[in-house]
Amino acid sequence: MQNPFQTVEKAKSIAEHISIIREYQQRGLLDRTKALKIYKKFNFEHEDYCTLMNATATATNSSIQIDSAGDQILVANLKRQALWAVGEEFLIEMGVII
């Protein structure tokens with residue numbers, strides 16, 4: 001069974017991602033400072049995700065500095081993180097050990 005604190009933290013992280021993504025999609029507004037903070041925190045807390053993204057960037061020669069990325073790129077990366085977190089949570093709920 002998962003630690004309830006971890007489950008709450010995951011849900012909070014996913015909700016923060018979705019809030020930023022929706023604000024950008026609906027109004028075209030992006031709080032870059034908040035988005036970058038959430039992006040970096042997620043990478044710090046999800047080493048497996050970060051390793052995969054770094055390997056992909058190296059293999060495709062598409063590495064960029066997120067601080068200088070445009071708003072669309074930053075939001076696209078937040079979407080990837082949210083999808084990863086939701087997928088990870090779903091697999092855990094289905095009894096898959098990851």
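In this structure Thr60 satisfies the side-chain hydrogen bond (donor to acceptor under 3.5 Å, both in side chains) test together with Ser62, sequence neighbours excluded. Residues satisfying the side chain to side chain contact (heavy atoms under 4.5 Å, CB included) test with Gln81, not counting sequence neighbours, are His17, Tyr39, Phe42, Asn43, Tyr49, Leu78. With sequence neighbours excluded, the residues that form a side chain to side chain contact (heavy atoms under 4.5 Å, CB included) with Glu45 are Lys41. For Leu36, the side chain to side chain contact (heavy atoms under 4.5 Å, CB included) partners at least two apart in sequence or on another chain are Arg32, Ile66, Asp67, Leu74.
Considering only heavy atoms from C-beta on, His46 comes within 4.5 Å of Asp48 through its side chain.
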Quiz item: Which is it for Tyr24 and Asp71 under the side chain to side chain contact (heavy atoms under 4.5 Å, CB included) test, yes or no, and what are the steps along the way?
Solution: CA-CA 9 Å; Tyr24 182 74; Asp71 290 353; 3.8 Å; yes
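With rounding to the nearest 0.5 Å, the separation of CH2 in Trp84 from SG in Cys50 is 10.5 Å. How far CD1 of Ile20 is from NZ of Lys37: 10.5 Å, rounded to the nearest 0.5 Å. Between Thr56 atom OG1 and Arg80 atom CZ the span is 9.0 Å, to the nearest 0.5 Å. One distance of note links CD1 of Ile92 with CE of Met94; it measures 12.5 Å at 0.5 Å rounding. Between the OG atom in Ser13 and the CD atom in Glu89 there is a gap of 11.0 Å [rounded to 0.5 Å]. How far CG of Leu30 is from CD of Gln72: 11.0 Å, rounded to the nearest 0.5 Å.
The other members of the hydrophobic cluster of Ile64, by chain and number, are Ile73 (side-chain heavy atoms under 4.5 Å, ILVMFWY only).
Although no hydrogens or angles enter the test, the distance criterion places a donor-acceptor pair under 3.5 Å between the side chain of Thr51 and the main chain of Glu47.
Residue pairs meeting the salt bridge (Lys or Arg N to Asp or Glu O under 4.0 Å) criterion with at least one member in residues 11-25, sequence neighbours excluded, are Glu23-Arg27.
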